[in-house]
Amino acid sequence: MTGPGCLTALWLKRLLLLPCTLLLSALAGCVTGPGGGNLGPEPPPPAIRKCCANVERYPDWLVAVLDPVAPVIGRVVAAVEWRNGHLYGRDGAVRLLRRHLRPLDIVLVTSGGRLTNATLPGLFKHVAIHLGSDADMRRLGVWSDAVAHGQAPDILAGRTFIEADQDGVHLSSAETVLNADYLVVLRPALAARAERRRAMRFLLGAVGQPFDFRFDADTADCFFCSELVRRALPSLPVEARHIYGRHVFVPDQFADLAAARPSRLRPVLYLMGHRDEWGTRSPARLRGDLARYWAAQP
């Protein structure tokens with residue numbers, strides 16, 4: 001499910017790390033305890049957190065050389081998957097996710113079973129957004145719109161998430177989104193009905209657009225995952241980062257915003273899966289997990 005989300009230099013360089021990544025995946029331990037329960041005590045966060053900083057690792061000339069073949073590299077990296085996510089196929093996790101979801105909720109995911117997990121910056125590697133059901137869209141007044149007509153069969157079939165990945169902008173089911181190890185649901189504060197309606201119409205109209213393998217938020221004819229969400233919800237104070245000469249949104253920026261107080265985003269569900277176990281973490285855990293990840297980066 002999850003799409004690629006980094007820059008071409010990083011992709012090609014870390015293709016060489018695939019054997020190491022596979023080994024680390026095989027050595028990863030699991031958490032004991034009853035399935036679907038809380039996953040034990042939560043460690044305190046480290047003292048220093050610099051989310052989404054120092055992402056650039058390679059010289060500009062290398063990025064420029066690889067830029068023309070970005071789509072080829074991106075598709076190769078996205079195709080490498082050696083296991084499903086630890087939340088995949090967990091019926092209880094699907095029910096729990098559906099119970100918590102509201103229209104326009106943002107969903108961040110990551111999976112250690114994909115090469116993108118080793119190549120992309122951030123604790124979370126991909127972001128999708130929940131559209132809601134046909135009933136939700138009727139209440140919002142967009143179900144009868146022309147942009148909804150073409151997507152109606154998929155939405156009625158349960159594909160109520162929208163995401164941008166190597167296959168372009170498309171709809172996905174909850175089961176597909178849960179092909180991940182970690183998942184967090186973030187709820188934006190969208191009090192104005194007109195704002196929610198505008199966001200829904202933009203997302204429905206974006207289905208079928210190509211994926212932006214160059215990760216350039218200044219181009220309007222293609223999208224990468226976090227750009228799609230940011231364009232749908234422009235009121236969120238998530239500023240583009242200048243990375244390798246282009247403007248980029250990193251999925252962890254949404255998690256970082258939700259971890260702050262006060263915030264226009266609120267974490268409402270945090271799921272973690274391991275090999276033989278899955279369960280919930282408190283939304284407050286999100287801040288600590290982000291801190292630990294970014295504190296460990298060079």
Side-chain angles (χ1 to χ4, degrees), residues 1-18 21 51-81 106-111 114-129 161-172 199 202-203 205-234 236 238-257 294 297:
M1 186 284 297
T2 56
C6 192
L7 301 168
T8 53
L10 194 59
W11 284 339
L12 188 58
K13 180 88 170 184
R14 294 197 178 179
L15 277 172
L16 302 176
L17 299 179
L18 178 57
T21 307
C51 179
C52 312
N54 302 321
V55 174
E56 294 182 352
R57 296 285 187 269
Y58 306 107
D60 290 341
W61 67 263
L62 178 59
V63 177
V65 168
L66 297 177
D67 194 63
V69 292
V72 176
I73 299 173
R75 292 185 187 281
V76 170
V77 172
V80 179
E81 178 181 5
I106 297 169
V107 180
L108 304 178
V109 294
T110 194
S111 174
R114 292 177 175 272
L115 182 57
T116 49
N117 190 70
T119 62
L120 310 186
L123 176 65
F124 297 98
K125 313 300 183 181
H126 184 63
V127 55
I129 192 164
F161 292 83
I162 185 168
E163 59 180 334
D165 60 20
Q166 68 275 9
D167 296 321
V169 181
H170 61 91
L171 300 178
S172 296
F202 169 80
L203 291 166
V207 173
Q209 290 294 313
F211 185 73
D212 184 2
F213 286 99
R214 296 189 68 253
F215 296 87
D216 186 350
D218 293 329
T219 57
D221 58 347
C222 53
F223 303 101
F224 56 94
C225 66
S226 47
E227 178 195 2
L228 178 69
V229 175
R230 179 61 178 79
R231 285 185 180 269
L233 304 171
L236 293 180
V238 176
E239 300 297 328
R241 301 297 176 95
H242 196 258
I243 303 173
Y244 293 121
R246 67 205 73 188
H247 289 110
V248 180
F249 298 103
V250 180
D252 271 12
Q253 289 180 260
F254 296 98
D256 190 48
L257 177 61
W294 286 102
Q297 302 310 300

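From a predicted model like this one, the values you see are computed outputs, not experimental measurements.
- In terms of modelled atom types and a separation under 3.5 Å, the side chain of Gln209 and the main chain of Ala206 share no donor-acceptor contact.
- No side-chain heavy atom of Phe223 sits less than 4.5 Å from a side-chain heavy atom of Phe211.
- With sequence neighbours excluded, the residues satisfying side-chain hydrogen bond (donor to acceptor under 3.5 Å, both in side chains) with Glu227 are Arg231.
- Evaluation of the side chain to side chain contact (heavy atoms under 4.5 Å, CB included) rule for Val207 yields Gln151, Ile162, Leu171 as partners, not counting sequence neighbours.
- Formation of a donor-acceptor pair under 3.5 Å by the Glu163 side chain with backbone atoms of Cys225 is not found in this model.
- Judged purely by distance below 3.5 Å, without hydrogens or angles, the side chains of Asp252 and Trp294 pair a donor atom with an acceptor atom.
- By the 4.5 Å heavy-atom criterion applied to side chains, Leu228 and Phe202 are counted as neighbours.
- Of all the heavy atoms in Val248 and Gln253, the pair that sits closest is O-OE1, 4.0 Å.
- Residues meeting the side-chain hydrogen bond (donor to acceptor under 3.5 Å, both in side chains) test with Asp218, sequence neighbours left out: His247.
- Here the closest heavy-atom approach between residue Ser226 and residue Val250 is recorded as OG-N, 4.1 Å.
- With sequence neighbours excluded, the residues that form a side chain to side chain contact (heavy atoms under 4.5 Å, CB included) with Ala255 are Leu108, Phe124, Leu286, Leu290.
- Taking CG of Leu203 as the reference point, atom CD1 of Ile129 lies at 5.0 Å (rounded to 0.5 Å).
- Side-chain contact between Gln166 and Phe213: present, with at least one pair of heavy atoms (C-beta onward) separated by less than 4.5 Å.
- Checked against side chain to side chain contact (heavy atoms under 4.5 Å, CB included), Arg230 has the following partners two or more places apart in sequence or in another chain: Pro234, Val238, Phe249, Phe254.
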